[in-house]
Undergrad: 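If you scroll down you'll find the structure; I have some questions about it.
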Amino acid sequence: MPDDPLARWETDGGATRMENGSRARRVVSLPDPEEPAPWGEITPRHIAPEDWLRFRQSMAEIFAAFGMDLESPGTERTPERFLQALYEATAGYEGDHNLLTAFPTECRCDDDCLVSQIIEGPISFYSLCEHHSLPFHGVAHVGYVSHERIIGISKLTRLVRLFARRFTVQERLGEQIASALVELMEPHGVAVRLEAAHLCTQMRGVREEHSKTVTTFWRGRYTDDPELRREFLAELGTRNPLT
Ligand SMILES: [Zn+2]
Ligand SMILES: [Zn+2]
């Protein structure tokens with residue numbers, strides 16, 4: 001495959017794959033990204049019906065005390081819907097990233113292997129801050145220098161959401177994504193950048209309404225190669241995920 005002087009873009013499931021022509025010269029053809037094993041829902045949580053009933057009564061009591069009129073057609077099932085939404089927003093606890101598989105590459109670990117950077121994103125995510133149980137949401141970008149294994153974009157998206165759909169904090173989320181990718185692919189390096197708006201601070205007026213929290217995580221080659229980090233961040237600078 002000849003070097004492509006221009007960035008090559010492919011879209012898949014709302015996320016964008018980019019292979020840069022300057023340093024990332026290897027063009028990877030992606031295998032079928034579908035995963036046969038249901039690693040994203042391997043340990044379903046079991047909540048007994050009598051517990052659901054009790055939770056619903058508690059939520060109704062709290063909503064009513066805070067001012068909600070639970071007698072209207074629009075709100076009589078709100079406690080139930082709220083709990084269901086919260087349950088779905090934390091479905092990430094049901095998955096196990098260790099069951100995710102990566103695909104082999106043809107890497108011979110030559111010089112080219114060490115400079116090929118693949119950058120994925122933006123991958124949108126919604127999470128719940130564990131301090132307030134209020135949403136923080138934004139986008140993840142992931143960069144990696146693969147070695148003998150790669151991972152498809154659809155699986156990368158599911159991996160991000162597996163960790164995001166929990167009660168968590170942005171720092172842990174990024175660490176978990178980076179560590180999981182290191183375990184799965186044993187790549188030469190991983191970079192993860194999360195950019196998120198936190199409703200717990202915005203709704204309460206603690207912070208500027210449009211402020212974003214940015215956290216970046218480096219593994220492997222990225223930790224000691226400033227040029228690799230610069231290239232990763234420069235590429236992200238050309239993307240405008242939240243508009
Ligand atoms: Zn290699
Ligand atoms: Zn919070």
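Just so you know, ligand 1 is whichever comes first in the structure, and atom 1 is the first atom listed for that ligand. Scope of the values below: all heavy atoms of this structure, side chains included, with no hydrogens, waters or symmetry mates.
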Undergrad: Using only atom types and a distance under 3.5 Å, with no angle test, would you say the side chain of R45 pairs donor to acceptor with the backbone of Y87?
TA: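 It does hold such a pair.
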Undergrad: Angle class for the W218/Y222 ring planes (parallel below 30°, perpendicular above 60°, tilted otherwise)?
TA: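 If you compare the ring of W218 with that of Y222, the planes turn out parallel.
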Undergrad: Can you give the angle C200 SG - the Zn ion (ligand 2) - C129 SG, rounded to 10°?
TA: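 Vertex the Zn ion (ligand 2), arms to SG of C200 and SG of C129: 120°.
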Undergrad: Tell me whether R172 is salt-bridged to E130, with the criterion being a basic N under 4.0 Å from an acidic carboxylate O.
TA: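 Yes.
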Undergrad: Has H131 got an N, O or S atom lying less than 2.8 Å from the Zn ion (ligand 2)?
TA: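 False for H131.
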Undergrad: Quick check against the 3.5 Å criterion: does R221 have a side-chain atom that pairs as donor or acceptor with the backbone of H188?
TA: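 Answer holds: no.
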Undergrad: Can you tell me which N/O/S atom of H132 has the shortest distance to the Zn ion (ligand 2)?
TA: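 Looking only at N, O and S atoms of H132, the one nearest the Zn ion (ligand 2) is named ND1.
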Undergrad: Specify which N/O/S atom of H147 comes nearest to the Zn ion (ligand 1), by atom name.
TA: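 Looking at H147, the N, O or S atom with the least distance to the Zn ion (ligand 1) is ND1.
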Undergrad: Does H198 bring an N, O or S atom to under 2.8 Å of the Zn ion (ligand 2)?
TA: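 No N, O or S atom of H198 is closer than 2.8 Å to the Zn ion (ligand 2), so no.
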Undergrad: In terms of ring plane angle, is the pair F136 and H198 parallel, tilted or perpendicular, where the classes change at 30° and 60°?
TA: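 Geometry flag for H198 against F136: parallel rings.
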